[in-house]
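Below: one structure, written as structure tokens.
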Amino acid sequence: MKNYLAEIFNEASNKLAYLKNIKITFDIPKNESQGDLSSNAALLLSKQLKKPPRKIAEEILSSLVFDKDIIKNTEIAGPGFINFYFTPIFIAQIIKPILTNPRSYGKSVKYNGKKANVEFVSANPTGPLTVGHGRNAVVGDTIANLLGWVGYEVDREYYFNNAGRQMRILGDSVRIRYLELLGNKVDFPEDYYQGEYITEIARKLVSDYGDKLLEEKPEGIFKDKAEQEIFVEIKNTLQRLGIIHKIFFNENSLYEEGKIVEVLDEFKNKDLSYEKDSAVWLKLAQLGNDQDKVIVKATGEPTYRLPDIAYHITKFKRNYDLMIDIFGSDHNATYPDVLAGLKALSYDDSKVKVLIHQFVTITENGEIVKMSTRKANYVTLDQLVDDVGADVVRYFFNMRNISSHMNFDLTLARKQSEENPVFYLQYAHARISSIIKMVENEKLQPSTDNLNLLTANEEQLLLKKLHQFENEVLLSAEFYETHRICVYLEELAAAFHKFYTFCRIIGSEKNLAEARLALAVSTRAVIKNGLMILGVSAPEKM
RNA sequence: GCGCCCGUAGCUCAAUCGGAUAGAGCAACAGCCUUCUAAGCUGUAGGUUAGUGGUUCGAUUCCACUCGGGCGUACCA
């Protein structure tokens, strides 16, 4: 529909040159009585042409040449909107491409040939994933799906660090639990990892090695065993949510391959760094940020900025056209430094999109559950999947704009999981599947021969909804917003449920029944594709 | 103090890069199953979009300030 309007406007712009001055867009009015699509061109032009918008709208309208079999009616309304009403038969044509290629309907080719990297989760292996990581994981994976749908070749990547202070504390936490298990009285420091999983790992070491590790250092087998066990857990949890990373990038490899030193030298050569108080500072103030920051501590150890910059350089060298980083809001102060550093080294930082999601507040029985990996009082992502299922977890994290703080009421999620919107969508899918099974006995085939019969209000609303899918996928991908798909699917499912209630298939006259069946089959395809993007299953039965 | 994010119906959230009468779900109330799945549908009720000013044909959206909440503001990641 939009494409057709864009065409006729384009032709009209040969006659009305001023149409070229603005970006012509078509909106779907909120109110049905304002047409199927609407243009605000006249309002936008009013100022520069110094004419009343309704007058301009008349001019535009009279120079538009269109097919009466496609556009049924036009009007000028309100302050100067031009509203277009399409013919029912044109609207019904949408199901032809859906039926021809159900699995790929909604995909587009705009970004064909481009490579994208989505880096997400990236939790260091110090403990199980929490609910907070869940949002990051689900949104990251879904954005990767979306990019794939609009043509990108996408790599999913997980960046981690298995060295440094936190990992040493992890190893030492295991070591102390190990000593405890063997009957030694040792103080367990408060800032160590308190979780039960630490003891579990220590227990495995006891059963594998007995008391042979009493003299081992924390950085040795204790740390290694912990890392290995925890990573197995993390990957397992992600897999339950259908998430598989292609690349696991170890920060340590940057040191081993000399990348850190390379970047450090480059900064020095470009006179972007200096020494002060026996630390190395990056001239970030000069690069437009607030203040200079340390990149190598007085101890000789780099701060996170240096490896992060080196890491992104490897992504540039791997020829990605788009690099997405997904972080929680606790990282919101760190990325400007990294981007500035990249820019200073002549990398195109506009290819890096940093998506910051706000925190998830968990409430249980009306009380806020505080999350901390160190302390034991967190809710793991695994437990959440146990409670409400992978589909609900994925849908729930996807259904909200990442810039919004979100509240996760565990009590509610458990108790009311049957009333979750995800079931509403899945139910629509299951209902259609059921019909399709049932019509086998009725000798009905989906058919596009009599689409002109689909004139009922419920049919037309459903058809128009189907029209929007491809554009909705494109917008969601370009805005990196997964919740749009959820909103769309809920509207689509609602349109279907209404159609289902008022427009029967079995029992209707054959031509009508087969046209409706074609509509139902198309709807199922779109729901399924939408759910696939979200990573939610589409059951045949419920 | 400063930076980023948020404040919309009782609750959880939408609102098409500034559009027309701000919409859903849950909760509440009133209806609809001898016919394709009632996990559904129909209807009612619910709002000074935190507040004040500004920008303009038009503001939930943009700007300024105020109030309230979250996250940061490291030679931790």
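Note that this is a predicted model, so its numbers are computed, not measured. Residue numbers start from 1 in every chain, and the chains themselves are labelled A, B, ... in the order their sequence lines are given, proteins ahead of strands.
Annotation: C63(B) and A22(B) have their C1' atoms spaced 22 Å apart (nearest Å). Across U61(B) and G51(B), the matching P atoms stand 10 Å from one another, rounded to whole Å. For U21(B) and C4(B), the C1' atoms lie 35 Å apart once the distance is rounded to whole Å. Atom name C1', nucleotides U49(B) and A15(B): the rounded distance is 11 Å, in whole Å. With C1' as the reference atom, G72(B) and A77(B) are 13 Å apart, rounded to whole Å.
In this pair, Y500(A) does not lay its aromatic ring on the base of G40(B); centres under 5.5 Å and planes under 30 degrees do not both hold.
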Please tabulate the protein-to-nucleotide N/O contacts below 3.5 Å involving nucleotides 58-61 of chain B, giving atom names and distances.
none

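Within 4.0 Å (heavy atoms only), K541(A) reaches at least one base atom of the nucleic acid. Counting non-hydrogen atoms under 4.0 angstrom, D290(A) reaches nothing in the nucleic acid. Residue N40(A) is classed as a base contact, given a heavy-atom separation below 4.0 Å to a base.
Checking C6(B), A14(B), A20(B) against the side-chain heavy atoms of S403(A) singles out C6(B) as nearest. Checking U16(B), C36(B), G19(B) against every side-chain atom of I506(A), the shortest atom distance belongs to C36(B).
The side chain of S404(A) places an N or O atom within less than 4.0 Å of a non-bridging phosphate oxygen (OP1 or OP2) of A14(B).
In the interface, the side chain of D27(A) is not paired with the base of A20(B) through any donor and acceptor atom under 3.5 Å apart.
Regarding N407(A), its CG atom lies at a distance of 6 Å from the P atom of U12(B), rounded to whole Å. G25(B) atom P lies 15 Å from atom CG of L489(A), rounded to whole Å. If you measure from atom CZ of F408(A) to atom C1' of C26(B), you get 15 Å, rounded to the nearest angstrom. As a whole-Å value, the separation of F469(A) CZ from U16(B) P is 20 Å. If you take CD of E472(A) and P of A14(B), they are 14 Å apart, rounded to a whole angstrom. In this structure, the CG atom of L339(A) is 14 Å from the C1' atom of C4(B), given to the nearest Å.
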Please output the side-chain donor-acceptor pairs of residues 279-286 of chain A that fall under 3.5 Å, not counting sequence neighbours, one pair per line with the distance.
residue, atom, partner, partner atom, Å
W281(A), NE1, K276(A), O, 3.2
K283(A), NZ, D271(A), O, 3.1
K283(A), NZ, D271(A), OD1, 3.4

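Residues meeting the salt bridge (charged side-chain N to carboxylate O under 4.0 Å, His left out) test with R524(A), sequence neighbours left out: E540(A). For the ring pair (Phe, Tyr, Trp, His ring centres under 6.0 Å) test, residues two or more places apart in sequence or in another chain that qualify with F26(A) are F9(A). With sequence neighbours excluded, no residue forms a salt bridge (charged side-chain N to carboxylate O under 4.0 Å, His left out) with R54(A). Contacts of Y424(A) classified as ring pair (Phe, Tyr, Trp, His ring centres under 6.0 Å), with partners at least two apart in sequence or in another chain: H497(A). For E251(A), there are no salt bridge (charged side-chain N to carboxylate O under 4.0 Å, His left out) partners at least two apart in sequence or on another chain. Applying the ring pair (Phe, Tyr, Trp, His ring centres under 6.0 Å) test to F267(A) and every residue at least two apart in sequence or in another chain returns nothing. For the side-chain hydrogen bond (donor to acceptor under 3.5 Å, both in side chains) test, residues two or more places apart in sequence or in another chain that qualify with E490(A) are Y395(A).
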At under 4.0 Å between heavy atoms, how does the protein contact nucleotides 70-77 of chain B? Give one character per nucleotide, 5' to 3', with B, S or -. BBS--BSB
Under a 4.0 Å heavy-atom criterion, the protein footprint on nucleotides 41-48 of chain B, written with B, S and -, is SS------
For RNA chain B, the expected dot-bracket line (Watson-Crick or G-U under 3.5 Å, [ ] crossing, | inter-strand) is (((((((..((((.....[...)))).(((((.......))))).....(((((..]....))))))))))))....
